[in-house]
Each structure stands twice: as structure tokens, then as C-alpha cells.
Amino acid sequence: MKKKWWHKSVVYQIYPKSFKDTTGNGIGDLKGIIKKLDYLKTLGIDVIWLSPVYQSPMEDNGYDISDYQAIDPLFGDLDDMDLLIEEGNKRGIKIVMDLVVNHTSKEHKWFKESRKSKDNPYRDYYIWRDEPNDLRSTFGGSAWTYDDKTNQYYFHNFAKGQPDLNWENPVVQDEIHRMINWWLDRGIGGFRMDVIDLIGKEIDKKIVGNGPRLHPLLQEMNKQTFGNYDVLTVGETWGANPHIAELYSDPERNELSMIFQFEHMMLDWGPLGKWTPKDLDFIQLKNVLSKWQTELKRGWNSLFWNNHDLPRIVSRWGDDKVYRVESAKMLAIILHMMKGTPYIYQGEEIGMTNVKFDSLEEYNDVEIHGSYQDIVVENKYLKHNEFMQGVYQMGRDNARTPMQWNDGKEAGFTEGTPWLKLNPNYKEINVENALERNNSIFYTYQSLIQLRKNSPYSDTIVYGEYKLLLNDDENVFAYIRSDENHELLVIANFTNEEVPLNLEYEAKKIILSNYKDTSFKQSLLRPYEAIIYELK
Ligand code: GLC
């Protein structure tokens, strides 16, 4: 495979509203990110994926864009954005922007025009029908909203305020391509492409994800825009399997650098999806992750446990109480030693946890409120308390509480009142604390990034083969990464108990572990113990 700079990169995702506020309005901003670039440099990442900072009414915190070529005043302005790109570059950090082009905000001028009349030049920018079909919105309720102005319904896969663009319209394609190039010319490092698997939809046949027009549209986009630049593109694709992933990321097909697949992230979803979680089947987790390691051959993987839509991994599959530090490090080690480009979500590197607010009203997320209306109020599938259990475990606001910088007022996030309440555990879990202790979770992430980017093992970690061991072991995740120069053994205890390690191996070196006195040959693993060895 031809080498690319992003094969070796580690990406850090910033959810700008919650990262660092410099104005005192309780909302993070671009100047705040610039202030923290040195911190990210210390961590060692080389790309930032910035969740949307465009002008937006913020119904979905910026995933509803009203002007693609303006920065929302909450976050700053274009000068701040240019400065962020420049200051990033100085530190070897590229800025990848979020590209949300499946839909706009209903406040976008295109939609305001579109709804005015059936013969408005912008009418066909969106999807209008006389009769709705039974497609449902991801955020609850029908995916169609009636507009009495023209007596038709418009389609929105997400909230009412997020009408879907009509990608069958070539004029829409041109507009978007122009906008993409405008950003690329400002010097950004690429795009994370929001729900990109939905743009090829055929609404009348009720096909939304993975529609027939998807790949031709991406090839055209690549040709007109980012294909002419050396940038990273990563598509958010919930419905992908390794075959589909090759369609997107096989370099010969000229579509995207890589995708986010979510198969592992849905393993503990129940009958009503994320709102009725079930226990994780650990063997299934090993199988799914290993399948993606071995079956995606002509393409590239991304690696992640977290993002702004997912609960905190240490609370989900680790132990956020007794073994928070051990389990957070274990999860980091297992993921970062796999093949693919790793993504770290803000706060993951200090082991931030899920949050539990007292009442539904304290939650901000449009998905939580929309789904509550649908599942509890209208359809009565769940009772209030049952739904709240789902929110505590899986709700998106778990990831969105402000970043915990120190143990001072509002965790050093803002001088004002934060837009979303902090997790009260910031007194203990915060960046300042993590930096002061040389055995903190932060330094495990730092070491993992160094291993990948700048160590004798870099090539093995980035390009080596992957082989799962102990396939049927109910407690231990073990695999080998190897190439002609090195053989690395990664082992991890996924439980909070001491477990036997039924594996013969001869270690040459202990590269990294999450306990102090790891030995060269272990027959037991302590709770959440994880080790990387170099084998003889
Ligand atoms: C993606 C985003 C999510 C957003 C949705 C609609 O899934 O990650 O945050 O709500 O798309 O834009």
C-alpha cells in the first residue's frame, strides 16, 4: 500500500462548545482551542478533528449549519479560524473540519428560499413531497414535516430543523463542491464527513443509508475537491461492513481516506437501540474488531472508542470507580496497538467518565429530548425511569460535559456558567492532576502515540499484520502485531478480577503496561492489566 501521512497520524477530536471558553459566556471557542494547542502538542497528536464551528442556530450544537462559510460568533470569526490553522501548523498539527452536507439548518438561506414557493430556484435544493412515507427520523418521530406555506412535506432524517439536501440536484453538488474548495484553500487538513452514507438516498424507495448514488457522488466530490489536495477524509458511516469500507477507502477508487465504522459500538444495544442497553458480549467484541483488522485489505481503518455521540468508554466497558485508571489505560492499549488511524475524543486521555444529571431538563441533547417524546410520551415503549437508565448509560451528553482542566471554579473551563453542567468529579479527574502524575492515563496515551509515530516499532504498529490469539477466552483480549522486524504481543484482561493467562510466550522486552511490576512471563493477569511485549 502506498504510504500516506495520515496512516501514521493520531487524531484528537474537539467538541468546541465544551473544550475551553475564553470569553466567559460558558461556551468554548476557537481562541480557547488555540490556548490549548501546546497541551495537545505535549500529548503528541498531529491532527485535530474539529466538530462544527460554522454559523448555526445550535439546535444540534452546530450539526445544523446556516452558513457554511461563516464561523458562528459563539466560537469566534474567520480570523480566529485562520489563526488556529496557522498556530496548529506551527506545531505540526493539522485541522480537519466537520463537513455536514447531508442536511443544513432550516435557517440556511437555501432552505428559507426553498420553502417560499414551489417554483423558487432553491426549491429543489431540498426534498419536498405531497405525501410523506413512513420513514422515521433518527431523533424520533416522522422524518417528514408539513409546511403550510406550500402545502408539502420536507424530508429530514434528523431534527425538523435539519432538512436534508437533495443530492440528486447537480446544482446542490456544485454549491457544496465550491464550498469544500473554499475551505481547502484556507489550508485545512481535511474533513470528517457527517453521516455521509446518507447522501446517496432514494427516498421514494425508502432507501436512506448506502443508497445507489452514494459512491458515484463521492467519486465526483473527490475529483472536484479534496482529491486535488493531500488531505485526510473520514466518513461517518453507521451501516458499513468491511466490504463497503473498501468501496470507500480503496485508494484506487478515489473516494475517502477512511471511514468510521460502528459495528463494535452497537454490540451492547438492545431492542430499542441505545436506549435499552444490554451487557457486552466480550467474545463478539473481539470477533468484530478482529474482523475489521483482517478483512479490510484494500482500504484503511479508523480506530476509536469515543466521540461526541457516544458514552465515555471507561464507564461503558471499563470500570469508572475502583479501576478507573487501570481500565482506561487497558482500553487505550488494546485500541492503539491495532492497525488503523486512532482517534482520541477530548477528555478520554484523562479518563473522563459518564455523568448523571438529576432531571431530564438538565440534559441538552436534541436526540435525548426527541427520543423521549417518541419512546416515552407518544408510544409509551418505556417508562420515564427506564428511559433515564438509557440516558445515563448511552446518552450523548455523557461525552459533552465541559472539559476538566483543573480542580478550580468550573474546572477551569469557563469564568462564567457552563452551557452544560460539569461532571462533579472534576475535583479529582482533570488535566492538571493528570500532568502532575507520571503514572496517569494521560502518559499512557502519550506513550502509545510515541510508539506509533516515533519508535523502532512504528512500522510494525502502523502496517504490521494482526492476529487474534485466545479466541475463546472469556476474559483476555490478546493479539500479535508483526512484520519482518518485530513481533509484538498485546494482552489485556477485560475484567475486574484476577484471571489466568493461558498463553505460552517468550518475551524479549516489556514495552508498556498499566501496572508497575509487570514480569516477563505472567500466568495471571491482575484486574484490567494490559501489557505490550516484544517477543523473541
Ligand atoms: C452525526 C453527528 C451527530 C449529529 C448527526 C446529525 O451522527 O455525529 O452529532 O447529530 O450526525 O448531523
Side-chain angles (χ1 to χ4, degrees), residues 11 13-19 28 49-68 72 96-108 111 126-127 135-141 143 145 154-165 167 176 191-201 208-210 214 233-240 256 258-263 265-266 269 273-275 302 304-312 343 345-346 363-372 374 391 394-401 419-420:
V11 184
Q13 183 191 352
I14 291 182
Y15 197 66
K17 263 188 118 170
S18 303
F19 194 62
W49 151 23
L50 191 58
S51 277
V53 290
Y54 313 90
Q55 185 183 298
S56 161
M58 300 286 161
E59 191 177 338
D60 189 14
N61 290 331
Y63 285 91
D64 47 326
I65 296 170
S66 53
D67 185 345
Y68 289 102
D72 197 279
V96 161
M97 293 194 72
D98 217 307
L99 187 71
V100 188
V101 293
N102 173 68
H103 46 270
T104 68
S105 160
K106 70 174 184 337
E107 303 303 324
H108 196 290
F111 190 73
Y126 295 87
I127 302 166
L135 285 171
R136 310 280 298 166
S137 153
T138 306
F139 292 164
T145 290
Y154 66 89
F155 179 78
H156 51 89
N157 193 70
F158 296 93
K160 284 190 183 38
Q162 294 168 296
D164 280 44
L165 283 166
W167 275 87
I176 299 290
F191 290 105
R192 175 268 186 182
M193 299 162 71
D194 193 65
V195 290
I196 201 66
D197 56 340
L198 308 188
I199 66 170
K201 59 178 78 71
V208 182
N210 288 315
L214 173 60
T233 50
V234 51
E236 184 201 20
T237 61
W238 281 79
L256 308 179
M258 65 189 106
I259 59 159
F260 293 126
Q261 65 84 15
F262 290 88
E263 223 184 318
M265 285 288 124
M266 296 187 280
W269 287 16
K274 64 162 81 169
W275 307 116
S302 67
F304 68 96
W305 291 130
N306 272 113
N307 66 31
H308 64 294
D309 296 328
L310 300 169
R312 294 283 180 181
Y343 290 72
Y345 177 70
Q346 68 185 41
Y363 287 88
N364 164 278
D365 180 13
V366 60
E367 181 185 51
I368 293 179
H369 292 286
S371 304
Y372 185 86
D374 186 340
V391 171
M394 293 292 197
R396 306 196 297 181
D397 281 343
N398 283 310
R400 299 175 180 187
T401 61
W419 70 278
L420 182 67

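Every number for a ligand or one of its atoms is a count from 1 in the order of the listing. Heavy atoms only: backbone and side chains are in, while hydrogens, waters and symmetry mates are out. We're numbering straight along the sequence, starting at 1.
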Using a cut-off of under 3.5 Å, which N/O atoms of ligand 1 pair up with protein N/O atoms, and what distance separates each pair?
residue, atom, partner, partner atom, Å
ligand 1, 7 (O), E236, OE1, 3.2
ligand 1, 7 (O), E236, OE2, 2.8
ligand 1, 8 (O), R192, NH2, 3.0
ligand 1, 8 (O), H308, NE2, 2.8
ligand 1, 8 (O), D309, OD2, 2.5
ligand 1, 9 (O), H308, NE2, 2.9
ligand 1, 9 (O), D309, OD1, 2.7
ligand 1, 9 (O), D309, OD2, 3.4
ligand 1, 9 (O), R396, NH1, 3.3
ligand 1, 10 (O), D60, OD1, 3.4
ligand 1, 10 (O), D60, OD2, 2.5
ligand 1, 10 (O), R396, NH1, 2.9
ligand 1, 11 (O), D194, OD1, 2.9
ligand 1, 11 (O), D194, OD2, 3.1
ligand 1, 12 (O), H103, NE2, 2.9
ligand 1, 12 (O), D194, OD2, 2.8

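With sequence neighbours excluded, no residue forms a salt bridge (charged side-chain N to carboxylate O under 4.0 Å, His left out) with E59. Listed by chain and residue number, F262, W269 satisfy the ring-ring contact (aromatic ring centres under 6.0 Å, His included) test with W238 (two or more places apart in sequence, or in another chain). Annotation: ring-ring contact (aromatic ring centres under 6.0 Å, His included) contacts of F158 (sequence neighbours excluded): H103, F139.
Under the 3.5 Å distance criterion, with hydrogens and angles disregarded, a donor-acceptor pair is assigned to the side chains of N102 and K201. In this model, a donor atom of one side chain and an acceptor atom of the other lie less than 3.5 Å apart for S51 and Y63.
The existence of a salt bridge linking D309 and R400 is confirmed by a sub-4.0 Å separation between a basic side-chain nitrogen and an acidic carboxylate oxygen.
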